[in-house]
Amino acid sequence: MTIEGGPMAGGGAADWIFYGGAIHPMDGTAATSALAVRSGRVVALGGDAHDLRGPRTQAVDLRGGALLPGFQDAHVHAVAGGLQLLGCDLSGVHERDAYRALVAAYAERHPGLEWIQGSGWYGDVFPGGFPHREDLDTVVPHRPVVLTSHDFHGVWVNSEALRRAGVTAATPDPEGGRIHRGADGEPTGLLVEAAAGLVTSLVPPPDAARLDAALMAAQSHLHRLGITAWQDAAVGRSVLFDDSYDTYLSAAGSGRLTAKVTGALWWRGDEGLAQLGFLRERRRRAGGRFRATAVKIMQDGVCENHTAALLSPYRGLGQETGLSFIPPGELAEAAACLVADGFDLHLHAVGDRAVRECLDAVEAALPNAGGRAARHQLAHLDLIDRGDIDRMKRLGVIANVQPLWAREDRVLVETKLPYLTDDQRARHFAFGSLARAGVELAMGSDWPVSSPDPLWGIHVAVNRTAPPADVHAGDEHAQTVPLLPGEAVGVRAAVHGYTAGAALANRMEHDSGTLTAGKAADLVLLDGDPFAVGPRDLSSLRVRATFADGVPVHEAW
């Protein structure tokens, strides 16, 4: 890729002209040969772009690469991801002893820390799929250790953390959570869902400076991956997430937020409708590149710890069907009030029962919309009943999916599939079925649950196998044997999900998500064309540069 000045003068000259590669507008039109940017906006495409070259125009030769709308992540926890980057980060390894070594080294480097905190562990590396406090007791016996799981649905703690929290064999499971126990009834050191709060409520929260540093680290990381906008799916204080609202507000106000961000404000199930005024005020105060137009509601957990809400029981667990965190009647009432107030609903629904309960709530709430175009979405959708797929289309509900999960890696094979029946397995991450039914797909990562790399996500959505470079794939099986290949989607659908589809879910489609004249010049430059390479090579593409509002925010050319 080369940049050169333009030879011609003229009023209204472009700041940037891109040429020499495939330019994909992703607005339903064909690829074009050039694109011009002025004052942060796309101003021309095709041959007309060259007419805007002036003496100060920077002309970028794509050298056979591709130019696309900047990627968008429809479901991410950016500040949590940044905190993981700054803290005891376990996400870069995938082995029990490696976790222990990282924790020991981190504790040694930070002798003054009262609490040792980290995140990113996977359960499949432990016997039986669950960690034990004794693994931590041997490396950090005298300070409390709290390590959040990669999926943010539980914490692994040591005995000192349990002691400080007063958690013993006699401690009852809190509503919406579980304390894992051994055969003797003693807590093992794994606390899932709301039970995590028994310990995390004692941990001193990060101060404003730490949260700001986390957001800046996350933003740089996401820009390096070509991401120019996202929806933060948990803006508010919860059991496992720190409240990032003021962090975003400050960064937007100071101009340091170069990405466009939609905040999904956290719905506290224990507060009910009393929190509506608080959420309205947060929406009112947001501005600039940060808007708070959605509300995130957790309806269930995850299959791996048996808290996802299922229509039929888990395999081998008797009549266990998981947890619905909010009674369906209360969920419907909350949805109706939020929709009437103009909020978009961002509903966490992993199990097929949770999906149905959320669709019931959306359907009951739609008459309250007052004609406003809906951007309601169900996130994750690990399992969906076949009858509810057409229902999603009829209700106009967006499928907010995390494609990187749809592969047969060790995590899936060892900690999830054993608990699913044959019928449940056959309805696993049904992206293809949803797309064929006409349901809008928006794609995201749930980072730091999994990598936020859109090219990896596109690879898995198309191939239903793990990217070769993914350390967490764990074995050749995940990279060669597809998970339900009939549920794959084409390259165009996958790229759409990370551009125009995600922009729709983020309520940004009028300003971004496609390369259309007048829209923001949010761009990602790739070293190859995803529509020209072989499907198995999608994850090998690299980001050369990322532009936000016509300004380079990442360059590797």
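All figures in this text were calculated on a predicted structure; none of them were measured in a lab.
A donor atom on one side chain and an acceptor atom on the other are found under 3.5 Å apart for Asp73 and Ser445. Side-chain contact check for Ser324 and Arg353: at least one donor-acceptor pair (N or O, by modelled atom type) lies under 3.5 Å. No side-chain donor-acceptor contact under 3.5 Å links Gln72 and Thr228. No side-chain donor from either of Asp423 and Thr421 sits under 3.5 Å from a side-chain acceptor of the other. Residues Asp137 and Ser159 have side chains that bring a donor and an acceptor to within less than 3.5 angstrom of each other. A side-chain donor from one of Asn305 and Thr307 sits under 3.5 Å from a side-chain acceptor of the other. Asp453 and Ser451 form no side-chain donor-acceptor contact under 3.5 Å, judged by distance and modelled atom types alone. Side-chain N/O atoms of Asp446 and His77 include a donor and acceptor closer than 3.5 Å. For the residue pair Arg536 and Thr465, a side-chain donor N or O sits within less than 3.5 Å of a side-chain acceptor on the partner.
Gln402 CD to Leu381 CG: the interatomic distance, rounded to the nearest 0.5 Å, is 8.5 Å.
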> What's the verdict on ring pair (Phe, Tyr, Trp, His ring centres under 6.0 Å) for Phe290 and Tyr248, showing C-alpha distance, side-chain angles and the deciding distance?
Replying inline: CA-CA 7 Å; Phe290 173 60; Tyr248 277 118; 5.0 Å; yes

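In this view, Glu175 satisfies the salt bridge (Lys or Arg N to Asp or Glu O under 4.0 Å) rule with no residue, not counting sequence neighbours.
The aromatic ring centres of Trp447 and His75 sit 6.0 Å or more apart. In this structure, His346 has its ring center no closer than 6.0 Å to that of His376. Between Trp156 and His132, the distance from one ring center to the other does not fall under 6.0 angstrom.
The side chain to side chain donor-acceptor pair (under 3.5 Å) with Asp470 is formed by just one residue from the set Arg407, Gln479, His94; it is Arg407. With respect to Glu160, the side chain to side chain contact (heavy atoms under 4.5 Å, CB included) criterion is satisfied by exactly one of Asn158, Leu162, Val157: Asn158. Tested against Val397, the residues Val355, Leu347, Val439, Leu378 include a single side chain to side chain contact (heavy atoms under 4.5 Å, CB included) partner, Leu378.
Residues Leu147 and Val103 come closest through the heavy atom pair CD1-CG2, 3.7 Å.
Counting heavy atoms from C-beta on, the side chains of Glu304 and Tyr419 never come closer than 4.5 Å. Counting heavy atoms from C-beta outward, Leu383 and His428 have side chains that approach closer than 4.5 Å. In this structure, Leu83 and Arg210 have side chains that are in contact, with non-hydrogen atoms separated by less than 4.5 Å.
Arg464 places a side-chain N or O within donor-acceptor distance of the main-chain N or O of Leu483, the cut-off being under 3.5 Å. Using a distance-only test at 3.5 Å, with no hydrogens or angles considered, no donor-acceptor pair links the side chain of Asp352 to the main chain of Asp385. A donor-acceptor pair is defined here as one N or O able to donate and one able to accept, closer than 3.5 Å; no such pair exists between the side chain of Arg100 and the backbone of Val139. Between the side chain of Ser539 and the backbone N or O of Leu455 there is no donor-acceptor pair closer than 3.5 Å.
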